[in-house]
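One structure is given below, encoded as structure tokens.
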Amino acid sequence: MVYGVILFPSTYFALRAEKKSKEKGLSVRLIPVPRHLSSDCGVCLRIFWEQRETIESLLKEEGVRMEGVHPME
Amino acid sequence: MIYFDNAATSWPKPPEVKEAMVRFMEEIGANPGRSGHLLSIEAARILYEARETLSKLFNIKDSSRIVFTLNATESINLALKGLLRPGDHIITSSIEHNSVMRPLRDLEKKGVELSVVPCSPKGELDSRDIKKKIQSRTRMIVLNHASNVTGTLLPVGEVGRMARKHSLLLLVDAAQTAGAYPIDMERDEIDLLAFTGHKSLYGPQGTGGLVIGERVNEKEMIPLKHGGTGSRSEFEEQPDFLPDRFESGTPNAVGIAGLLAGVRFVLKQGVESIRRHESHLIEKLIEGFKDIPQITLYGTAEMKDRIATLSFNIKNLSPSEVASLVEEEFGILCRPGLHCAPSAHRTIGTFPKGTVRFSLSTFTSDGEVKRSIEAVRHLLHQKD
């Protein structure tokens, strides 16, 4: 399985993203932001890479601000 | 013991408030939003859920627009000092608490022009008097939702509609009403709502918030504090987005865990049902006092226009004498004096002596109200 991560400007949006995704039955998890993606001290949302478009459009609808979607190495 | 000082801090609290705080201390305890580990995420989740739950209570579409503060005073300071600039004009009422009056008097010295609209001796505000004061430089109207002295409600919905028509912002101090009286940011057209957690939301002291409505541009609002937010750590500039912009420093997460439990309790009971119970009790209290010739009651007698806070005085006794007598002899804990609201007391004609204030909560019983009426009657009998 290939994972990806979605980055957010703040913890508020990361938590909102987790909640809204889980409500739709999508398998996601909050994890520390990988060091090579950002020096930020917060969390990001780990997703299944193949679900990225579904999740992105869901989060846009729910007013979640995102800062990027990256595949995980 | 009868606790009648709920307008200052409600007590007792629902047991689940303490349980939530203990659970936070025992099982979570970490710094919300400052790390990616399990406990930090769990702590951040508490804050997120608290914002979501408060959104249900106040009908807020976007819960990121709730900023946590220590109390209503901090929220009011943030709204006023964050938005008003020298040359701006602001309108308020004469029934306000010092949480509004003091920041406004300070801003006045810095070039903000202030109009204070008089309320009636019962603490009622005629919204037409506000309208008369609107001028080209008017930026904002600030009002308490209900006075902490008289218990009289102000017509915030009416003023809200007027404010929109004139493109002004309405800041409402809901310290006395949040949780005890229905508040709907949309219906009442409120732009900024300052609330506290430790009164009718049944949370602990040191919790509160400011709801920043969508008509307010948060980027133009100056924070009271700058500092770490856990976000954008690579930049030395304050973030410009909500809620982080106004939430620098580690928050009172254990307190907010308690506040969340308190707000859930309020939603479970239902604000309307809490309101019915408290209205019924304050009506009983007023009925019990109104025929006693030595007692002067303040505030409106219309139940629909008041909350469960009652100010009164007894002839030939000072408020503090009454308070110590009812405490010593009958175990009633209340608050005498000026209640941090000198302007309100001037309005109702009780400055500088003040009043005795009995303030109830959802935990007040019929029996307690009955016993307190008997206590006051007994006291008068002794004094005769």
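In what follows, every chain begins at residue 1, and chains take the letters A, B, ... in the order their sequences are listed.
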Q) Do you know the tightest heavy-atom contact between B/Ile41 and A/Leu15? A) O-CD2, 4.3 Å
**Q.** Closest contact, heavy atoms only, B/Ser231 versus A/Pro9
**A.** CB-O, 3.3 Å
Q.
Heavy-atom count check: over 12 atoms from other residues, nucleotides or ligands less than 6.0 Å from B/Lys268 NZ?
A. no
**Q.** Region of B/Leu242 in contact with chain A, defined by heavy-atom distances below 4.5 Å
**A.** backbone
Q. Quick one: CG on B/Asp244 to OG1 on A/Thr11, what's the gap to the nearest 0.5 Å?
A. 6.5 Å
Q) About how many Å separate CD of B/Glu42 and CG of A/Leu30, when rounded to the nearest 0.5 Å? A) 10.0 Å
Q | Non-hydrogen atoms of A/Ser10 and B/Phe241 that approach each other most closely | A | CB-CE1, 3.4 Å
Q: Return yes when atom CZ of A/Arg52 has more than 12 non-hydrogen atoms of other residues, nucleotides or ligands closer than 6.0 Å, and no otherwise.
A: yes
Q) Which of the residues B/Ala44, B/Pro243, B/Ser64 is involved in the greatest number of heavy-atom pairs with chain A at under 4.5 angstrom? A) B/Ser64
Q.
Applying side-chain contact (heavy atoms from CB on, under 4.5 Å) to B/Arg45 and A/Glu18, what does each step give before you reach the verdict?
A. CA-CA 10 Å; B/Arg45 204 171 266 139; A/Glu18 183 206 31; 2.5 Å; yes
Q.
We want to know whether B/Ser63 and A/Tyr12 form a side-chain donor-acceptor pair, criterion being a heavy-atom distance below 3.5 angstrom.
A. yes
Q.
Using a 6.0 Å cut-off, check whether atom CD of B/Glu236 has over 12 heavy atoms from anything other than its own residue.
A. no
Q.
The test is side-chain contact (heavy atoms from CB on, under 4.5 Å); show your working for B/Arg51 and A/Arg16 and say whether it passes.
A. CA-CA 11 Å; B/Arg51 286 185 228 276; A/Arg16 188 171 177 82; over 6 Å; no
